[in-house]
Structure formats: C-alpha cells, structure tokens
Colleague: 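My structure is below; once you've seen it, I'll send some questions.
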2 protein chains.
Amino acid sequence: MDEPKIKNMEEFAAVSGISRPTISKYFNDPDSVRKSTRRKIEAALDRFDYRPNMYAMNQNRRLTKNIGVVVPYLADPFFAEIARIIENHVLSAGYRPVLLGSHGDPDLEIDNLENLRLIKPAGVLLAPLGRVSDAERLAAFCADVPTVLFDANIEDLGAAFVGSDNDQSIGLIVEYLCRTGAPPAFFEIRNPVNPNANKRRAAYIKSIEALGHKPHLLQADGEGWEFEQIGFSEGTRIIQEHDLPTDTILCSNDRLAIGLLSAAYQAGLRVGLGDGCALRVAGHDDHPFSRYTCPTLTTVSQDYAAIAQKSAETLFALIDSSKHFDSREETLFNGRLVMRGSA
Amino acid sequence: MDEPKIKNMEEFAAVSGISRPTISKYFNDPDSVRKSTRRKIEAALDRFDYRPNMYAMNQNRRLTKNIGVVVPYLADPFFAEIARIIENHVLSAGYRPVLLGSHGDPDLEIDNLENLRLIKPAGVLLAPLGRVSDAERLAAFCADVPTVLFDANIEDLGAAFVGSDNDQSIGLIVEYLCRTGAPPAFFEIRNPVNPNANKRRAAYIKSIEALGHKPHLLQADGEGWEFEQIGFSEGTRIIQEHDLPTDTILCSNDRLAIGLLSAAYQAGLRVGLGDGCALRVAGHDDHPFSRYTCPTLTTVSQDYAAIAQKSAETLFALIDSSKHFDSREETLFNGRLVMRGSA
DNA sequence: TCCAAAAGTTTACGCGTGTAAAAAATAAAT
DNA sequence: ATTTATTTTTTACACGCGTAAACTTTTGGA
C-alpha cells in the first residue's frame with residue numbers, strides 16, 4: 001500500500017497533512033476531532049500503515065487503556081470461557097485486555113498483579129484464588145488500582161463484586177432433587193480453596209433443613225485444583241465403603257461431579273433417574289464438559305454471560321467515575337436449573 | 001520498608017549510591033555489573049521498592065524481553081495446559097510471557113499478532129489455527145518477528161516447528177488396536193481445521209495398510225472448535241444407522257472421542273474391552289479429561305512437556321543467534337500409548 | 001456578512017530510560 | 001608498586017508521544 005515506511009507520528013502527520021498534536025488527539029479519541037479531519041487521517045491511515053508506539057504513548061499517561069483480567073486457573077474451562085467473554089467486552093469498550101492466569105498459586109497471583117502494576121492498567125478484573133490468596137497484598141493492590149472482583153468474593157476487597165447467588169442456585173437444585181427423589185447429601189472438598197464452596201455448603205444446609213430434612217456432608221480430603229482427581233478418588237472410597245446415607249449426591253461443583261461420575265461408572269453403579277439406577281448425581285456450574293459426561297450431568301448453570309458483562313461494565317463505570325464508588329456493590333446472578341440425565 | 005517514594009531511576013541511583021547508567025545496566029542484566037556493585041544495588045532494592053518504568057524502558061529498545069504465546073483456543077484444556085508449561089519456561093528464562101488466544105477466529109489470530117507487534121516482542125511462540133489461518137499474513141509476521149511454530153505445522157512458516165510425530169503415534173495405537181482386536185475405523189472431521197488431522201488420517205491409512213487391512217474413514221460434518229459436539233452428534237448418527245464396519249473406532253483426537261463416548265453411552269452401547277462390550281474407542285492426545293470419561297479413554301499421549309520445552313528453547317536459541325536459522329528445523333516428539341478402559 | 005465558538009497549528013517542554021563517549025576509579029596481575 | 005584490563009562515573013543526547021499555551025483558521029448560526 002505504501003513505499004516510505006512511517007516511523008513515527010511526526011512523519012505520519014506530514015503525509016496526512018494534519019498536525020501532530022491533532023493526530024495525537026485522534027488516536028486518543030477519534031471522535032474528538034472534526035469529521036473532515038478524521039476522514040483525512042483515516043484516508044492516510046489507509047494508505048500508510050502506521051500505529052503509534054505503544055511505549056512512547058503510555059509513558060506520559062497516568063493510566064493506560066489496558067485492563068488486566070486475572071483468573072485463578074486458566075486450564076479450567078470454566079475460567080477460560082468466562083475470560084473469553086470478558087475479553088470481548090473489554091475490547092469492544094475500546095480497552096486492551098491483558099489476560100493472566102494464576103495457576104492456583106497465590107504467589108503467582110501476587111506476581112501477576114505486580115506485573116500489571118508495571119503496565120499502569122486503567123483497571124483490573126480479578127477472580128481471586130480465595131482462601132489461599134494473600135488478602136493483605138490483594139487489598140494493597142486494590143487500594144491503588146480500580147479493581148472489580150468476580151466469581152469469588154473476598155470480604156471488602158475491591159470496589160465491587162459480581163458473581164452467582166449460591167443461595168438461590170443451591171436452593172433451586174436442592175428443591176428439585178428433594179421433589180424428585182431422596183434428599184441429597186452434599187459432596188465437597190473439606191477445606192476448599194474457593195469461597196463459593198463455603199457459601200454453597202451453607203446454602204445446602206439451609207435449604208435442606210427448610211425442607212425438613214437432615215443435611216449430610218461428604219467431605220473429601222485434597223488440596224489444589226485437581227478437582228476431578230479428588231472427586232474420583234474420594235468418590236471411589238465413599239462408594240466402596242458403602243457409607244452413602246442416600247442415593248442422591250449434590251456436588252459442590254461440576255468438576256467434582258465429573259470425577260464422581262467416573263468413579264461410579266468404574267464401580268459399576270448406574271447413575272441416573274430410571275429404575276435401574278443406584279445413584280443420582282448433580283453438580284453446579286454447568287461446566288462446558290457437563291453435557292458430555294456419562295450420563296449427562298444435571299446441574300445448575302452459572303450465568304457466564306451476565307457475570308462477564310456486569311463485571312466489565314462495573315469496571316468501566318468505576319474507571320469513568322471518580323475511580324471509586326461510594327459503597328461496595330455486590331451483584332449476584334441467579335442460576336438456572338439444567339436437567340440432564342444424572343439426576 | 002521506606003518512606004521516600006522512589007519515582008525514577010535517577011532517584012534510585014541516588015539512594016543506592018550508584019550512577020544511573022550502571023543501574024540501567026544492572027536491570028538489563030544483573031550479571032553485567034561487578035559483584036560488589038550488584039550487592040549495593042540489591043541492598044537498596046531491598047530497602048526501597050523501585051521497579052523501572054516499563055514504557056520508558058522499552059521505548060528505546062529495539063526489542064523487548066516480551067515473548068508472545070499465541071494459541072488457537074484457550075478454552076481447550078489441551079492448549080491451556082501447554083500454554084501453562086510454556087509460560088513457566090519463558091519466565092524462568094527471564095522473559096515476560098504474553099498469552100493470547102485466538103478463539104478459533106483467523107481474524108483474531110491476525111489481530112493478536114498485530115497487537116504483539118506493538119509491544120515489540122523478542123519472539124513469538126505460535127500454535128496457528130491451521131487451515132483457516134491467513135497464511136500470507138502469518139508469513140509476513142514471521143518475516144519480521146522471530147517465530148517458532150508449535151502443535152500445528154504450516155509449510156515453511158516460522159523459523160522452526162515443534163510438535164508430535166503423528167506417523168509414530170498413530171502407528172502405535174493402530175498397531176495396538178489391531179493386535180488386541182478388530183482393525184479400527186478412523187473417526188474424524190471431514191474438513192478439519194487442524195493440519196494434524198490430515199497427517200493423522202494419512203498415518204492411519206498407511207499404518208493399517210501396512211498391517212494388511214483395509215482403511216475405513218468415518219467422516220463427520222461440522223465446522224469450528226466444538227469437537228465434542230461434533231463427535232456426539234455424528235457419533236449418534238453413525239451408531240443409529242448401524243453403518244459401523246468394525247467394532248473399533250480410532251478418533252482423530254480425544255475431544256471427538258469424548259463426544260463419541262457420550263453418544264455410545266446414550267445409545268446404550270457398552271464401550272470397552274470385555275465380553276459384554278459392543279465397541280472399542282480410542283483417541284489421540286491424552287486430553288486432561290480423558291482419564292475421567294466413561295470408560296476411561298485409551299489414547300496416545302502427546303508429550304506436552306517436551307513440546308513446550310523444546311519450542312521455548314528453540315525460540316531462545318533463535319533470539320540469541322542472529323535472529324534466524326540457516327534452515328527450518330522440524331522437531332517431532334513420539335507419542336506414548338496410554339491404555340485405559342475404552343480399548 | 002459578521003461573529004462567537006470550536007477546532008487545528010505552532011512551538012516548546014516533559015516523561016523515564018537507553019546508550020554512546022570520554023574520563024576517572026577500581027581490581028587484577030606482574 | 002606499577003601496569004593493565006575492567007568497571008564505573010560523568011555528560012549528553014535520543015526515543016516517540018502527551019500536553020500546555022498562544023495563536024490562527026474553520027465552522028455554523030444569526
């Protein structure tokens with residue numbers, strides 16, 4: 001399209017016939033210049049391929065157009081998926097998403113935030129690790145950088161939180177399970193990393209007692225993010241020891257349920273609703289893989305799209321406003337019952 | 001730890017008692033300064049928390065310490081996992097990884113590379129989309145930026161390629177399947193995005209003919225990256241139409257196999273090795289979820305760790321050397337047979 | 001046609017670091 | 001102790017763009 005390589009804004013100003021300060025203004029906000037000027041610039045942009053030097057550009061800016069997106073574990077399709085949606089919102093709002101995964105490691109989580117500091121982000125969307133997070137250092141970061149938490153809530157951290165209403169969603173599936181069969185036991189990790197797990201346990205106890213039943217917890221030992229593995233090995237143990245108080249098990253999340261289903265299959269236990277079935281299993285999250293388990297997993301979906309959109313928009317509002325809200329807003333979205341084959 | 005906030009290298013030089021150019025040298029390579037000097041600097045670094053401004057730092061550098069990592073689909077645990085390992089290698093080599101996913105979209109793939117250009121990366125590790133990639137623009141990028149391809153090879157693109165030896169791995173599992181039962185048919189997507197799929201088909205035909213059998217292809221219609229969905233719906237169709245030429249099916253990849261296993265389960269077909277089994281199913285990749293399918297999936301593993309390490313090291317060598325190799329090196333790692341329950 | 005408001009131009013400086021060159025200081029070796 | 005090689009200091013300029021101030025031009029009504 002062009003011969004002479006444009007190396008800086010000066011040169012581009014020359015070939016476009018517009019002064020450099022105006023070009024600069026254009027790149028910071030194309031709508032801030034006159035339409036005729038904008039046309040001229042974009043005509044030149046079409047003939048010559050020039051893009052401002054990002055480093056020079058951001059050097060004098062107090063804050064950039066970067067938005068950090070930090071999730072606890074990218075290899076978990078749940079987070080990969082929600083990160084994907086968030087990225088799209090960030091992009092269409094004119095920001096640049098910077099995606100970082102913490103691989104379940106609190107030190108890496110802090111490293112990620114420190115690295116984000118270096119690029120002076122306009123804001124950060126953070127799904128914290130949870131219990132193992134270094135809350136103090138997270139708080140220090142949130143004090144400096146506009147931050148919205150999503151997925152996992154940590155008390156008073158960040159300017160806002162967006163997530164799922166575990167009370168509602170667990171209530172929904174507990175009610176369903178009780179209505180269609182035996183009241184469920186609750187299968188979870190004893191010492192969960194994710195704060196949602198605690199909320200879900202409490203919600204389970206509350207809702208099952210409200211229905212006049214006695215709660216029963218099946219607590220698996222295990223650390224880390226290998227939930228399927230934990231679900232499988234502890235599930236195998238539980239099945240072998242025959243200490244199931246009921247034929248219905250509600251899992252704290254789908255990944256645990258995936259492991260449990262695998263354990264049940266290998267133990268020869270038929271899972272599902274029909275007459276020949278020895279077990280009913282339900283999950284929580286509507287994990288991308290839950291529709292391909294055997295049998296397909298009955299679960300309650302988190303509203304990925306709504307959580308992604310709301311948290312992004314909250315951050316945009318935070319950035320536009322005076323960089324902090326008057327009060328910390330918590331938005332919880334309802335889950336939706338997804339009836340499949342397993343319960 | 002400190003009271004006076006350090007705002008730039010000048011101030012840090014003052015408090016550390018070392019001149020600014022030497023400080024600069026230290027940050028570019030801590031080993032390039034005298035040990036005693038280094039100790040002084042690190043003592044100061046311990047008392048005051050100063051980190052160089054990344055934008056000012058990279059402005060005058062021809063190329064930065066950034067390394068781009070681009071994968072076709074982050075929501076695929078296979079890529080998430082390999083990206084995770086690569087990130088670790090990049091970090092421990094003193095570079096900064098920048099992870100980008102293309103969400104299966106060739107336009108986004110190009111966007112990602114263009115955005116990487118802006119940050120002047122020292123090099124890029126690219127797993128291209130494959131057939132749908134804009135090969136011409138990829139080539140233009142590779143001409144400017146040191147790039148090593150991994151996972152999916154595209155003819156003559158990039159300075160090197162690191163991946164799996166599909167001939168070997170497919171040969172391995174075909175041999176196993178033939179030895180332990182009926183020769184397998186090959187289940188794949190008719191018009192696959194990923195170039196590995198074509199290699200695997202060819203390898204299947206070659207190896208099964210070498211064993212004196214007739215190849216049989218089961219080709220599913222479908223586009224995009226929803227492999228499980230394609231495997232499920234086409235698998236269901238095939239099973240219902242009873243046009244299985246054999247009781248053994250080798251899938252082009254594990255995600256397809258996951259869909260097929262789900263279809264078989266729902267059709268009431270028992271999958272596995274034993275007497276009561278109507279079907280044997282095998283996959284390829286050793287996908288993170290393949291050990292939790294029902295039954296667990298017999299497959300052939302890709303050597304994630306080796307591919308990640310070799311591609312990273314190749315890129316480092318490329319960067320250190322004169323920015324290009326004399327010839328394009330292709331490294332293929334062997335797969336390993338993973339015998340589980342499904343075949 | 002004239003005039004006020006809006007937008008663009010000119011000029012000039014600042015940001016924080018890389019880096020080159022010459023001079024000075026230090027360390028290692030004779 | 002002297003020489004020599006290495007490292008550090010001093011000085012100075014460059015990088016590419018943001019942005020402020022004063023001035024000039026264009027625009028859209030009245």
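As a basis for the values below, the full set of heavy atoms in this structure was taken, side chains included, without hydrogen atoms, waters or symmetry mates. Computed from a predicted model, the values in this text were never measured in an experiment.
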Colleague: Taking atom types as they are modelled, would you say the side chain of A/Gln59 forms a donor-acceptor pair with the base of D/dG18 within the 3.5 Å cutoff?
Modeller: no

Colleague: Of the listed nucleotides (D/dT8, D/dC17, D/dT9), which one gets closest to any side-chain atom of A/Met57?
Modeller: D/dC17

Colleague: So, B/Arg117 and B/Glu114, do they make that salt bridge, N to O below 4.0 Å?
Modeller: yes

Colleague: On DNA chain D, does the nearest nucleotide to B/Thr37 precede the nearest nucleotide to A/Met9 from the 5' side, or the other way round? Give the residue.
Modeller: B/Thr37

Colleague: Distance check needed: C/dT17 P versus B/Tyr55 OH, whole Å only.
Modeller: 14 Å

Colleague: For the pair made of OH in B/Tyr26 and P in D/dT9, what is the distance, rounded to whole Å?
Modeller: 15 Å

Colleague: Touch check for A/Pro52, heavy atoms < 4.0 angstrom, all strands: base, sugar-phosphate only, or nothing?
Modeller: sugar-phosphate

Colleague: Once you round it to whole Å, what is the distance between P of D/dG18 and CG of A/Asp29?
Modeller: 13 Å

Colleague: Using atom CD of B/Glu11 as one end and atom P of C/dC15 as the other, report the distance to the nearest whole Å.
Modeller: 11 Å

Colleague: Determine, for A/Glu11 against A/Arg20, whether the closest basic-nitrogen to carboxylate-oxygen distance falls under 4.0 angstrom.
Modeller: no

Colleague: Nearest-nucleotide wise, let me know which of B/Val33 and B/Lys120 is further upstream toward the 5' end of DNA chain D.
Modeller: B/Val33

Colleague: What nucleotide, of C/dC15, D/dC17, C/dG18, holds the atom closest to the side chain of A/Asn53?
Modeller: D/dC17

Colleague: Round to the nearest Å and state the distance from A/Asn8 atom CG to D/dG18 atom P.
Modeller: 12 Å

Colleague: So A/Leu116 and A/Val70, do their side chains get closer than 4.5 Å, heavy atoms only?
Modeller: yes

Colleague: Mind calculating the distance between CZ (A/Arg38) and P (C/dG8) to the nearest angstrom?
Modeller: 12 Å

Colleague: Considering just the side-chain nitrogens and oxygens of A/Asn28, establish if one lies under 4.0 Å of OP1 or OP2 belonging to D/dG18.
Modeller: yes

Colleague: Select one nucleotide: of C/dG18, D/dT26, C/dA12, the one nearest the side-chain heavy atoms of B/Arg20.
Modeller: C/dG18

Colleague: Please tell me which of B/Pro21 and A/Pro21 maps to the more 5' nucleotide of DNA chain C, matching each residue to the nucleotide holding its nearest heavy atom.
Modeller: A/Pro21

Colleague: A/Lys7 NZ to D/dC17 C1': how many Å, rounded?
Modeller: 14 Å

Colleague: Compare every heavy atom of A/Ile119 with every heavy atom of B/Tyr55, then report the nearest pair and how far apart it is.
Modeller: OH-O, 2.7 Å

Colleague: Does any donor-acceptor pair link the side chain of B/Asn60 with the base of C/dT19 at a separation under 3.5 Å?
Modeller: no

Colleague: Between B/Ser24 and C/dG18, is there a contact of a side-chain N or O with OP1 or OP2 at under 4.0 Å?
Modeller: yes

Colleague: With a 6.0 Å cut-off (strictly less than), is the heavy-atom count around NZ of A/Lys120, excluding the residue itself, greater than 12?
Modeller: yes

Colleague: 5'-most contact on DNA chain C: B/Ser36 or B/Arg51, nearest heavy atom basis?
Modeller: B/Arg51

Colleague: Any chance you could lay out the ring pair (Phe, Tyr, Trp, His ring centres under 6.0 Å) test for B/Tyr95 and B/Phe316, step after step, and finish with the verdict?
Modeller: CA-CA 10 Å; B/Tyr95 292 94; B/Phe316 301 151; 5.4 Å; yes

Colleague: Can you tell me if the side-chain N/O atoms of A/Thr22 get under 4.0 Å from OP1 or OP2 in C/dT9?
Modeller: yes

Colleague: Measure from the side-chain heavy atoms of B/Ser19 and tell me the nearest of D/dT8, C/dG18, C/dT9.
Modeller: D/dT8

Colleague: The side chain of B/Arg34 lies closest to which of these nucleotides: C/dT17, D/dG18, C/dT26?
Modeller: C/dT26

Colleague: Roughly how many Å is it from CG in A/Leu118 to P in C/dT17, rounded to a whole number?
Modeller: 11 Å

Colleague: What's the closest nucleotide to the side chain of B/Lys25 if the choices are C/dT17, D/dT8, D/dG16?
Modeller: D/dT8

Colleague: Looking only at side-chain N and O atoms, does A/Tyr50 come under 4.0 Å of OP1 or OP2 in D/dC17?
Modeller: yes

